[in-house]
Number of protein chains: 2
Amino acid sequence: MYENMIVIDRQARESLQMQIRRQLAICIVNRQFPLHEPLPSIRRLASDLKVSVTTVVQVYSALKKDGFVMSRRRSGFFVNPDALADPGHAAVARERADETQPARVDFATLFQGRSFNRERVVKPADLVVRYRYPFACGLIDPSLFPLARWRECVRDAADVVGVGNCATDFSETDDEMLIEQLVQRVLARRGIFARPGEVLVTVGSQQAIYIAMRLLLAPGETIGVEDPGYPDAVAMARMEGINVQRLPVDDGGLVLSERLGRCKCLYVTPSHQFPTTVTMPPARRSELLELTRQHNQFVIEDDYESDISFNKTPPRALSNLDRRGNVIYVGSLSKSLLQGLRLGYLVADREFVREARALRHYMVRHPPVNNQRSAALFLQRGYYDRFIARLTGIYGRRCDAMHESLERHFPGAAAKPEYGGGNIWLKLPEEVDARILQELVEPDGVYFETGAHAFSDERGNRNHARLGYSVIDEALIAEGIERIARAVPKARGAGAALGKAETRGEPGRPSGELTSRNRWSAARPAVLDDASLQSAAC
Amino acid sequence: MYENMIVIDRQARESLQMQIRRQLAICIVNRQFPLHEPLPSIRRLASDLKVSVTTVVQVYSALKKDGFVMSRRRSGFFVNPDALADPGHAAVARERADETQPARVDFATLFQGRSFNRERVVKPADLVVRYRYPFACGLIDPSLFPLARWRECVRDAADVVGVGNCATDFSETDDEMLIEQLVQRVLARRGIFARPGEVLVTVGSQQAIYIAMRLLLAPGETIGVEDPGYPDAVAMARMEGINVQRLPVDDGGLVLSERLGRCKCLYVTPSHQFPTTVTMPPARRSELLELTRQHNQFVIEDDYESDISFNKTPPRALSNLDRRGNVIYVGSLSKSLLQGLRLGYLVADREFVREARALRHYMVRHPPVNNQRSAALFLQRGYYDRFIARLTGIYGRRCDAMHESLERHFPGAAAKPEYGGGNIWLKLPEEVDARILQELVEPDGVYFETGAHAFSDERGNRNHARLGYSVIDEALIAEGIERIARAVPKARGAGAALGKAETRGEPGRPSGELTSRNRWSAARPAVLDDASLQSAAC
């Protein structure tokens with residue numbers, strides 16, 4: 001087993017002992033061995049490498065002397081943790097790195113100009129622990145989640161699916177119980193009639209959107225996306241060579257403008273428009289459907305968060321009104337079940353689903369079977385309904401508290417979501433760059449999401465923010481908002497400085513990938529240094 | 001909540017009661033309500049629909065009379081299961097279907113000519129239970145899997161990840177423990193040095209292959225795929241507009257022919273060539289890498305099943321020999337852990353992984369977090385190593401039994417895998433169509449996979465079969481092989497009949513999607529009817 005790690009050249013000038021010793025040291029420094037488990041035994045290594053036991057004894061003894069390994073009585077040799085910290089030893093690791101340098105493929109250059117690494121909002125993984133005031137969007141409050149119930153379902157799913165089913169291939173079929181539960185408990189509630197062959201389970205709603213785009217649009221065709229709208233939808237389309245037509249939004253959601261006609265397909269979020277949270281009224285929905293009929297268009301309806309509706313039931317889904325089958329309905333369990341599970345679904349014509357299933361097969365074969373069954377049991381036993389009911393009550397109170405605080409500090413700047421969801425859209429004063437504000441409040445333990453990336457004109461819309469209330473404690477909302485408000489004057493100054501810097505030809509936004517927040521971090525020295533702050537103060 | 005299911009038109013001629021009654025009946029017949037739970041209460045429905053309680057009482061009473069619902073004392077109304085079976089009631093469902101017919105989008109026509117629905121091998125989901133002799137490939141034997149250990153890991157993963165981590169976004173990062181375990185336990189064993197930033201977890205190795213192709217090849221460029229080779233790789237490439245150059249294979253795997261030079265990238269399976277199971281010898285590996293250097297090519301090395309090596313350790317992976325970073329290594333935990341989990345990974349240059357992560361984000365965001373952590377614990381606690389060791393011993397014995405039986409019935413036709421894996425490649429007599437043979441032995445409880453789809457020339461290679469031994473009981477192997485052998489003469493006759501039918505202009509293979517086996521089922525009447533069998537007998 002170790003003959004692949006350590007390659008012996010019996011014709012080399014270097015002794016066998018030195019060859020093994022050098023390569024083992026490299027493995028150790030490169031952390032190829034677990035810290036707390038014994039290294040290969042002398043006998044094992046000798047047999048694998050076809051060298052004498054004496055040679056391996058000499059190797060280990062030398063490595064011990066050099067501080068790479070240590071021995072424990074009766075347990076054999078272990079990695080010496082000090083070796084990993086020692087800068088001298090790190091040189092050993094570099095040796096290997098150097099040896100491979102000369103002719104390496106330069107992927108960075110290769111991907112230049114056609115990189116998928118567009119700016120994307122990714123929440124820090126430790127968000128909930130790191131920030132005292134996490135105004136994050138789209139997460140589930142860990143303290144509300146019925147973990148005991150969930151564990152029960154996971155356990156039972158392991159019994160049923162774990163062996164019999166998990167061992168087979170689920171590319172052609174989804175978990176039947178999950179489909180049944182989605183149809184009866186989730187879709188029926190949205191007024192959507194669906195038969196089992198019309199539903200496809202996906203790895204999160206992201207995959208459902210990706211598949212729908214791929215099936216409905218060829219490169220060079222045009223998709224309409226709300227402006228502001230879901231930036232990942234824009235990025236996905238561009239990545240597939242699909243043109244993007246941005247479409248304006250007002251307080252009734254997507255505006256039914258002439259531009260619609262140019263699109264072969266529309267991506268819309270009628271229940272809670274992303275990111276403004278406004279809801280499209282029933283009349284506009286019917287009108288929109290009629291327009292898509294006239295233009296012979298498709299619609300991808302992303303109905304995210306529609307199950308979290310604390311005020312009143314949202315209007316009927318487009319897919320519910322649709323009689324032509326041109327609406328592809330996309331839903332998610334990630335916003336209301338554990339996000340990390342990545343369970344989404346699409347509902348469409350049977351022929352469409354058949355094709356979507358084929359594309360899904362080539363992309364990932366199928367979503368993990370065990371999670372499908374766990375979710376099915378969670379739904380079937382009524383835990384989901386109860387959890388949603390509880391969540392909705394709590395979100396409703398948090399939303400009230402948020403809106404009240406925001407009204408106090410930013411009167412008229414935040415629209416209260418009419419039908420629920422998990423966040424509020426805030427329009428800051430025009431001179432305030434939300435990313436600067438985000439940086440300023442971070443040391444205070446406040447996290448929120450910036451909104452500019454949702455617009456086609458990012459520069460002109462830096463004063464937008466998304467404030468989620470799904471994971472923040474209700475009692476801390478007022479304090480958190482206050483901290484944001486207190487930082488506004490400072491952000492205003494920095495923003496003015498930035499504006500000047502930019503007219504001087506320093507865009508202040510480096511290119512490259514990374515998350516919105518991190519990206520900005522990288523740029524901070526150019527923006528928030530004392531000089532710019534001073535010039536801003538002038 | 002029910003106002004979306006039932007839409008009331010107060011201007012309509014039809015009475016409110018009739019409108020609600022008709023729509024509720026449609027919902028019931030279309031199985032929009034769970035069978036064993038109460039229907040919406042009278043009070044609830046009246047309040048949701050803003051009608052009087054009396055109206056709803058009348059609705060339910062009529063539905064009960066018509067046999068759609070039944071009442072249970074103190075529990076309210078329930079769906080009457082008889083209503084679902086009653087053909088008269090089915091007419092109600094059709095009513096709805098008809099109403100939506102006229103202007104429906106015709107997706108079947110839309111996707112014609114550019115369908116992703118290519119022929120693909122998909123194992124029946126109930127394979128292990130349905131067949132007494134399941135010579136299936138790529139599955140785990142449920143009776144061998146250490147379910148108690150796995151459940152322990154799932155439980156502990158739920159504790160750690162379930163709440164804190166599963167609630168956050170893992171798009172930018174994978175489970176650190178899983179990466180560490182892959183590096184130390186899986187990759188190190190294959191002699192692959194990898195640092196954490198060089199590994200990406202994917203939704204099965206299928207996604208890893210898909211991502212690698214997308215990143216390395218633009219539409220119109222050419223990928224080399226072994227012939228025979230993995231059909232999904234061919235299908236994926238075509239689906240992305242990438243040209244496929246098939247490359248011959250001999251008993252040392254991929255032949256280093258001139259054709260290689262035309263490809264921008266090669267997809268290869270050096271450990272156990274798919275589907276022939278031959279292993280590429282070390283010298284050819286080095287030569288291949290040198291050629292790819294000269295031609296400035298990339299390699300996708302699919303090292304599936306390399307952890308199941310019962311004979312001896314396979315030669316060093318290409319990725320291990322690679323000093324230029326042009327090899328993208330793809331591995332899978334699905335063949336050795338539960339397949340339904342869909343966990344795979346790729347190992348490559350850090351820049352490549354960064355880009356792959358971005359593409360993964362737009363496709364699915366990330367693989368489910370809970371499964372990543374469960375697998376990590378399973379590896380970390382040594383259960384994986386023990387399971388693989390056990391599996392390898394058992395597979396070794398089964399492989400011996402398989403090969404012995406095959407040698408008895410088909411002397412010289414089956415090559416014994418040199419390094420392990422889970423299946424044997426069988427070349428049947430030339431006149432035997434493996435798909436006909438498959439049909440013939442099915443009633444005997446025998447399942448195996450046909451091999452023609454792995455060739456560019458499917459017609460000329462219908463006499464190949466893949467016989468897996470991962471889920472069949474060792475004691476049943478001889479019986480199963482004997483049943484296959486006994487059916488060969490009959491298959492030979494049917495094959496000759498098919499040949500004649502084809503020269504008469506009846507290709508005998510319908511177009512359309514479906515799995516290899518099912519497709520053939522559909523074609524059977526044209527092939528195995530009495531007349532053709534008679535003409536074959538002539």
Side-chain angles (χ1 to χ4, degrees), chain A residues 1 4-5 30 32 34 100 103-105 107-108 111 116-117 122-123 125 127 139-140 142 147 151 154 158 162-163 166-169 171-173 184 188-191 193 203-204 206-207 210 236 313 316 323-326 338 340-342 349 351-352 355 358-359 362-365 368-369 371, chain B residues 1 4-5 30 32 34 100 103-105 107-108 111 116-117 122-123 125 127 139-140 142 147 151 154 158 162-163 166-169 171-173 184 188-191 193 203-204 206-207 210 236 316 323-326 338-342 349 351-352 355 358-359 362-365 368-369 371:
Chain A
M1 140 180 188
N4 276 330
M5 295 186 79
N30 278 302
Q32 304 296 308
T100 63
R104 276 189 86 77
V105 178
F107 283 103
F111 293 136
F116 295 117
N117 254 325
V122 177
K123 297 164 245 301
L127 176 56
L139 302 182
I140 302 283
L147 187 63
R151 280 180 52 176
V154 166
V163 183
C166 225
T168 67
D169 192 330
S171 187
E172 288 306 292
T173 161
Q184 294 180 350
R189 206 172 290 174
R190 295 294 291 122
F193 280 103
V203 182
Q206 189 96 345
Q207 190 186 28
Y210 182 91
M236 270 187 239
T313 307
R316 296 169 72 189
R323 287 283 165 273
R324 294 180 54 240
N326 68 328
L338 294 173
L341 288 184
R342 311 298 309 131
D349 183 274
E351 279 300 321
F352 184 91
E355 190 70 16
L359 178 52
Y362 291 118
M363 287 172 70
V364 302
R365 283 186 177 253
V369 177
N371 286 349
Chain B
M1 139 176 190
N4 276 329
M5 296 186 78
N30 279 301
Q32 304 297 309
T100 63
R104 277 189 86 78
V105 178
F107 282 104
F111 293 138
F116 294 119
N117 254 325
V122 177
K123 297 164 244 301
L127 178 58
L139 303 183
I140 304 282
L147 187 63
R151 281 179 53 177
V154 166
V163 182
C166 225
T168 68
D169 193 330
S171 188
E172 288 305 291
T173 161
Q184 294 179 350
R189 205 172 291 176
R190 295 293 292 122
F193 280 103
V203 182
Q206 189 97 345
Q207 191 186 29
Y210 183 91
M236 271 186 238
R316 298 169 71 190
R323 287 284 166 274
R324 296 179 52 238
N326 68 328
L338 294 173
Q339 156 142 3
L341 288 183
R342 310 297 310 131
D349 182 274
E351 278 300 321
F352 184 91
E355 190 70 14
L359 178 52
Y362 291 118
M363 286 172 70
V364 302
R365 282 183 179 257
V369 177
N371 286 348

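Each chain gets a letter, A, B and so on, in the order its sequence line appears, and its residues count up from 1. Computation of the quantities below employed the complete heavy-atom set of this structure, encompassing side-chain atoms and omitting hydrogens, waters and symmetry-equivalent molecules.
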**Student:** Could you check which of B/Met363, B/Glu351, B/Gln207 has the highest count of heavy-atom pairs closer than 4.5 Å to chain A?
**Tutor:** B/Met363
**Student:** Using the side chain to side chain donor-acceptor pair (under 3.5 Å) criterion, which residues pair with B/Glu355? Sequence neighbours excluded.
**Tutor:** A/Ser115
**Student:** Which one wins on heavy-atom pair count under 4.5 Å against chain A: B/Gly325, B/Gly204, B/Pro368?
**Tutor:** B/Pro368
**Student:** Measure across A/Val105 and B/Asp349 and return the closest heavy-atom pair with its distance rounded to 0.1 Å.
**Tutor:** O-OD2, 4.5 Å
**Student:** Would you say the side-chain atoms of A/Arg342 pair up with the backbone N or O of B/Val364, donor to acceptor, closer than 3.5 Å?
**Tutor:** yes
**Student:** Of the backbone (N, CA, C, O) and the side chain (C-beta and beyond), which part of B/Asn326 lies under 4.5 Å from a heavy atom of chain A, both, or neither?
**Tutor:** both
**Student:** With sequence neighbours left out, what residues match B/Gln184 under side chain to side chain donor-acceptor pair (under 3.5 Å)?
**Tutor:** none
